[in-house]
Amino acid sequence: MDNRSNIVWFVADQMRADSMAHLGNPAASTPNLDAMAEEGVSFADAYCQNPVCVPSRCSFLTGLYPHTLGHRTMHFMMHREDPNILKTMKEAGYEVVWIGRNDFIPGSWSKEEYCDHFFDGTDLVDKVNIEGLKMNFGGMNFPEPEVPDVFEGHDLKYSFFKGKYPEGSLSNDFDWNCVNAALAFLDSIDPEKQEKPFFVYCTLSFPHPPYGCEEPWYSLVDRSALPPRRPDVETLEGKAGILTAIRERQDMKGWGEPQYDEMRAVYLGMVARWDHMLGLVLDKLRERELYDDTNVFAFSDHGDLTGDYGIAEKCQNSFEDPLTNVPLVVKPAASVPVEPGVRHGVVGLIDLPATVAEIAGVDLGYVQFGSSLMGVISGKDTPHDAVFCEGGRIHGEWQAMEPEHGPESAYWPRISAQHEEGPAHTKGAMVRMGNLKYIMRLYEGDQLYDLEADPMELVNLVDDPAYDKAVARLRDRLLKFYMETADYVPPKFDKR
């Protein structure tokens, strides 16, 4: 009998930290995340290491930065020899269950070396048929959603807005299938006969655009309680060129606050739906008497602009908090010391592999760049001095342009800007230390924001003489970061 505690990673796609009620959003409905924050720790200043999914996932599954192995695009995934926490945990004797999204290894690869069970959202794909896990999911043909009257006369082609689906119409969509698979796996575990601990990596699609959901979540959000939206980018100075380029092409300049409010409310409805699914998993852990022996991590790969600056969706190389500040809520097992509540101070998703390794007593077997958060969770340690995020490309780097999307794709406003050799898709890197966020950009001006005085990141202070010393300090910290993390030497020797 292996007495190590179980681990669950419950992962959202494109959820921003300020979509949680316990971090101050009066319109949000996240009771399960809020309860987890009271029992465990919610990291208010947690950041992803890249603002789009594949590079972010390659980072938080390895503990390496996106630049270290070249993972700065949606279409370059892991090498077979690259380390990752799923493979490590399986080799360490955990029963690893991978449910949902990939965005990590090439889709043609077998998942066998990474997990014991893989469920792709439609069917179980592994050598073991856990009783109850093979279910008849049927097709995923959903009705057209109802678009609110407030959008009458507006072209929604590039806005990602869909609206309200009929109640029950999404009962067999990707996320419900994945959650049902997770529940079925937990039902298969008998705590009295459990021979080894499990590591469940359940990664859903919500609240990723398109913005649409069914009742009761669609109407759950009070539109009048929404916090202020960040102003349109054309009214600001010193913003990244990618934001201006997307804004010009998304055909949303005719929108007013009623349209943006509807988009933001539907997004929060999608977050509420994801939170409800998290609650089902937590309830199942309690029902199966597994809760006290399980560490639950709820987080997202990156955020979403959701109408801030007049823009929908995301982009690869802008680093405002809606894109980079993500939920990270941890409910430790009962055996783990914890000082519960909201924790301020910067941490990164890159810290997750080291944290899991400490919980499991596992040697990762390679040098990686995250640090365990267990000391911070217990209240013994403080968060990091700095956190980093990066993205974009150099001129001529065609492989980072995502060439497969054309004008008929809702992604075209962003993708078309990435195809151009102007400054919009420039390589950029962010460092946050304390309340200051500095962004170095390769082909256009740098940025500096004081998040205490300017939480919406509206005033670029990089040329303000009063901040000269701060800029120099942040640039030095960024240089040290790249010196420390520029490459990765595999833990092996080749014969010469």
Side-chain angles (χ1 to χ4, degrees), residues 12-16 18-21 25-33 100-101 121 137-180 204-229 250-252 254-280 300 303-308 310-314 322 327 408-411 413:
D13 194 338
Q14 219 148 309
M15 188 188 299
R16 41 196 282 174
D18 65 2
S19 64
M20 298 187 293
N25 191 324
S29 178
T30 51
N32 295 294
L33 285 165
R101 296 187 72 98
F137 293 107
M140 293 190 186
N141 298 315
F142 306 122
E144 283 297 311
E146 177 185 337
V147 180
D149 292 342
V150 70
F151 287 104
E152 186 175 351
H154 293 280
D155 185 356
L156 301 180
K157 179 177 180 179
Y158 293 130
S159 72
F160 292 91
F161 188 85
K162 289 295 183 181
K164 180 173 71 172
Y165 288 90
E167 185 169 0
S169 63
L170 305 185
S171 60
N172 65 333
D173 75 348
F174 177 87
D175 282 9
W176 277 116
N177 288 350
C178 289
V179 168
N180 285 332
L204 307 186
S205 66
F206 265 39
H208 192 292
Y211 307 107
C213 61
E214 74 275 40
E215 298 287 10
W217 298 283
Y218 178 86
S219 299
L220 187 62
V221 177
D222 181 355
R223 275 66 171 163
S224 67
L226 290 166
R229 182 177 68 92
Q250 274 189 335
D251 295 335
M252 294 163 57
W255 286 25
E257 294 313 307
Q259 289 77 34
Y260 285 115
D261 283 353
E262 189 64 22
M263 168 186 279
R264 295 193 296 146
V266 171
Y267 174 82
L268 289 179
M270 298 171 75
V271 170
R273 183 187 195 252
W274 183 92
D275 180 87
H276 172 77
M277 292 177 174
L278 169 64
L280 295 177
S300 179
D304 186 275
L305 286 167
T306 332
D308 277 339
I311 300 167
E313 211 241 336
K314 63 193 172 197
E408 294 307 311
S409 167
Y411 294 99

Can you tell if the side chain of [X] reaches within under 4.5 Å of the side chain of [Y], non-hydrogen atoms only?
X      : Y      : result
Ser159 : Asp251 : no
Gln14  : Glu313 : yes
Asn25  : Thr30  : no
Val221 : Ser29  : no
Pro166 : Pro143 : yes

Taking only Lys NZ, Arg NE, NH1 and NH2, and the carboxylate oxygens of Asp or Glu, determine whether Asp13 and Arg101 approach each other closer than 4.0 Å. yes

Ion pair check, Asp18 and Arg16, cut-off under 4.0 Å: yes

Tell me the side chain to side chain donor-acceptor pair (under 3.5 Å) pairs involving residues 209-224, sequence neighbours left out? Tyr211-Asp304, Glu214-Arg273, Glu215-Ser219, Tyr218-Glu262, Asp222-Ser224, Arg223-Glu262

Please report the interatomic distance [atom1]([X]) to [atom2]([Y]), rounded to the nearest 0.5 Å.
X      : Y      : atom1 : atom2 : answer
Leu156 : Lys162 : CG    : NZ    : 8.5 Å
Leu170 : Asn177 : CG    : CG    : 11.0 Å
Ser19  : Leu33  : OG    : CG    : 8.0 Å
Leu268 : Met20  : CG    : CE    : 12.0 Å
Thr306 : Phe160 : OG1   : CZ    : 11.5 Å
Tyr158 : Ile311 : OH    : CD1   : 16.0 Å

Of all the heavy-atom pairs spanning [X] and [Y], show the shortest one and how long it is.
X      : Y      : result
Gly310 : Met252 : O-CE, 4.0 Å
Ala272 : Leu220 : CB-CD2, 3.7 Å
Cys178 : Gly121 : SG-CA, 3.8 Å
Trp274 : Phe206 : CD1-O, 3.6 Å
Gly163 : Pro145 : C-CB, 4.1 Å
Gly307 : Arg229 : O-NH1, 2.9 Å

Strictly distance-based, threshold 3.5 Å: is any side-chain N or O of Asp275 a donor or acceptor partner for the main-chain N or O of Val271? no

Go through it in stages, so that I can follow the logic: the residues are Val150 and Asp261, the test is side chain to side chain contact (heavy atoms under 4.5 Å, CB included), and I'd like the CA-CA distance, side-chain angles, deciding distance and then a yes or no. CA-CA 10 Å; Val150 70; Asp261 283 353; over 6 Å; no

